[in-house]
Structures are given as C-alpha cells and as structure tokens.
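If you read the sequence from its start, that first residue is 1, and numbering goes on from there. Side chains included, hydrogens not; waters and symmetry mates left out as well; all remaining heavy atoms used.
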Amino acid sequence: MALQLDKIFVNLPVKNLKNSIEFFSKIGFAFNPQFTDDNATCMVISDHIYVMLLVEPYYQTFTNKEIADASKTNEVIVCVSADSREQVDEIVNKALEAGGKPSNDKQDHGFMYGWSFQDLDNHLWEVVYMDPSAVQQQ
C-alpha cells in the first residue's frame, strides 16, 4: 500500500508578513488566526492544504541552509487547481491587481489551462484548471 498523508503545509519565507497577508487576502484567501502572530500566519488553501507564511528570520530557524533569493533563483512552484478556466483568470488577475508580477504566459493545452504569477516575495504560483472529462478514471 502506498503511503498516504492527510494534509500539506507549504512553508514560504516572506519579508513583510502584514503586506503578504494583505496581498493574499485581496486574491481571496483566508487565514487561521489561531496560527497567526508577528512571525507567521497560516493561509488556508483548502481543508487539507495550508501555506505557512513565515517572516525570514523566523523561517531561518527551521533550516541551516541560506534562504533563496526568489527574485534570482527558484526552489519551488506552488501549483493550485481552479474549478474553471474563468477562475484561473480571476485568481491571477486579482494577484496582479494586488501587486503581484506576471510569471509565465497563459498556457492552453485544450484539456488543461493554466496561468501563473509571482507574489510579493517572488515566489511562483501556478493556477491550473484540468477538464475532468479528460482525466481517465481508474
């Protein structure tokens, strides 16, 4: 039997927590106040997916490695799924209007549609929609 885990917590370093909360709030994300203080916040993506936004000095306490400068290097692309092509555009447009930067151009593969943006700390976010009828059921 393959290993199956229940939740995912993505940890991302941020320079200014207040600005990051404001940015992601404008896109439509909510935050769990129970796990929010001056050092961190828990952004809720779904019932099973969370993004911990950690101010850089606090993030550094979790690793002995140097924090990557996301404006120059990339370590991860956070990819989230949308319910429709229109929702992909809506999310990315809100991110751009809130101060995010464009990343890649829209990609339309027929059965899959995606677009991406960079947040205030230059982390890459991909938003995709995949037509459920194109996915083979096993």
Side-chain angles (χ1 to χ4, degrees):
M1 176 190 265
L3 177 66
Q4 292 187 3
L5 304 174
D6 186 51
K7 298 184 186 324
I8 183 170
F9 292 84
V10 176
N11 294 278
L12 293 176
V14 299
K15 295 188 184 321
N16 185 308
L17 187 60
K18 181 181 175 206
N19 289 349
S20 292
I21 292 171
E22 185 177 306
F23 172 79
F24 285 107
S25 293
K26 287 179 181 176
I27 297 172
F29 291 109
F31 298 85
N32 184 334
Q34 186 177 12
F35 299 105
T36 299
D37 60 21
D38 291 338
N39 288 315
T41 189
C42 178
M43 184 168 70
V44 180
I45 304 291
S46 75
D47 289 342
H48 299 281
I49 304 169
Y50 308 90
V51 175
M52 298 299 300
L53 302 175
L54 311 169
V55 293
E56 288 181 345
Y58 185 59
Y59 182 94
Q60 190 67 66
T61 67
F62 292 91
T63 181
N64 293 323
K65 293 183 175 184
E66 183 178 332
I67 297 174
D69 179 348
S71 67
K72 298 177 184 174
T73 61
N74 182 48
E75 187 173 21
V76 67
I77 299 172
V78 179
C79 184
V80 295
S81 63
D83 293 332
S84 66
R85 291 169 171 260
E86 294 78 18
Q87 189 180 40
V88 169
D89 290 345
E90 177 185 346
I91 291 169
V92 175
N93 281 321
K94 283 182 178 180
L96 298 175
E97 290 167 10
K101 293 183 262 185
S103 187
N104 292 326
D105 293 333
K106 295 177 186 178
Q107 296 182 2
D108 190 343
H109 301 286
F111 71 97
M112 186 171 71
Y113 176 77
W115 196 12
S116 58
F117 66 91
Q118 296 178 59
D119 66 21
L120 300 180
D121 292 283
N122 299 297
H123 301 295
L124 300 176
W125 290 79
E126 182 92 7
V127 186
V128 298
Y129 166 73
M130 187 175 302
D131 182 350
S133 66
V135 179
Q136 285 188 355
Q137 300 298 320
Q138 294 190 30

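- Tyr50 is listed as a side-chain neighbour of Lys7, based on a closest heavy-atom distance under 4.5 Å.
- With a 4.5 Å cut-off on side-chain heavy atoms, Ser20 and Asp119 do not count as touching.
- Side chains of Tyr58 and Asp38: no donor on one and acceptor on the other come within 3.5 Å.
- Between Pro13 and His123 there is a side-chain heavy-atom pair separated by less than 4.5 Å.
- For the residue pair Asn11 and Tyr59, the shortest heavy atom distance occurs at O-CE1, 3.7 Å.
- Counting heavy-atom neighbours within 6.0 Å of Glu75 CD, excluding the residue itself, gives a total of 12 or less.
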_Pair Ile8, His48 - check side chain to side chain contact (heavy atoms under 4.5 Å, CB included), show working._
CA-CA 6 Å; Ile8 183 170; His48 299 281; over 6 Å; no
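- Contact of the Trp125 side chain with the Val78 side chain is registered, since non-hydrogen atoms from C-beta on lie closer than 4.5 Å.
- The minimum heavy-atom distance linking Tyr129 with Asp83 is given by the pair CE1-O, 3.2 Å.
- If you chain together hydrophobic residues whose side chains sit under 4.5 Å apart, Leu12 and Ile45 fall into the same group.
- Between Lys15 and Leu120, the closest side-chain pair of non-hydrogen atoms is not below 4.5 Å.
- Glu90 has its side chain within reach of Lys94: a pair of non-hydrogen atoms, C-beta onward, lies under 4.5 Å apart.
- Within the structure, side chain to side chain donor-acceptor pair (under 3.5 Å) contacts touching residues 65-74 (residues at least two apart or in different chains) are Asp69-Ser71.
- When all heavy atoms are compared, the tightest approach of Ile77 to Glu126 is CG2-CB, 3.9 Å.
- Hydrophobic clustering of Ile, Leu, Val, Met, Phe, Trp and Tyr side chains at less than 4.5 Å, counting indirect connections, keeps Val127 apart from Phe111.
- When side chains are defined from C-beta on, Asp89 counts as touching Lys106, because their heavy atoms get closer than 4.5 Å.
- Val10 and Leu17 end up in the same hydrophobic cluster when Ile, Leu, Val, Met, Phe, Trp and Tyr side chains are linked at under 4.5 Å.
- When atom types are taken as modelled, the side chain of Gln60 and the backbone of Thr63 share a donor-acceptor pair closer than 3.5 angstrom.
- Around CG of Asp105, the count of heavy atoms belonging to other residues, nucleotides or ligands within 6.0 Å does not exceed 12.
- Phe35 is not connected to Leu54 by any chain of hydrophobic side-chain contacts under 4.5 Å among Ile, Leu, Val, Met, Phe, Trp and Tyr, and they are in different clusters.
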Which atom pairs, one a donor and one an acceptor, fall under 3.5 Å between side chains of residues 21-33 and the rest of the protein, sequence neighbours left out?
unit_1	atom_1	unit_2	atom_2	d
Ser25	OG	Ile21	O	2.7
Asn32	OD1	Gln34	N	2.8

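- Both Ile67 and Val51 sit in one connected hydrophobic cluster of ILVMFWY residues. Membership requires side-chain heavy atoms under 4.5 Å apart, directly or through other members.
- Put simply, the side chain of Cys79 reaches to within 4.5 Å of the side chain of Val128, judged on heavy atoms.
- Taking every heavy atom of both residues into account, Val88 and Ala82 meet most closely at CG2-CB, 3.7 Å.
- With Gln118 contributing its side chain and Pro102 its backbone, the two residues share a donor-acceptor pair below 3.5 Å.
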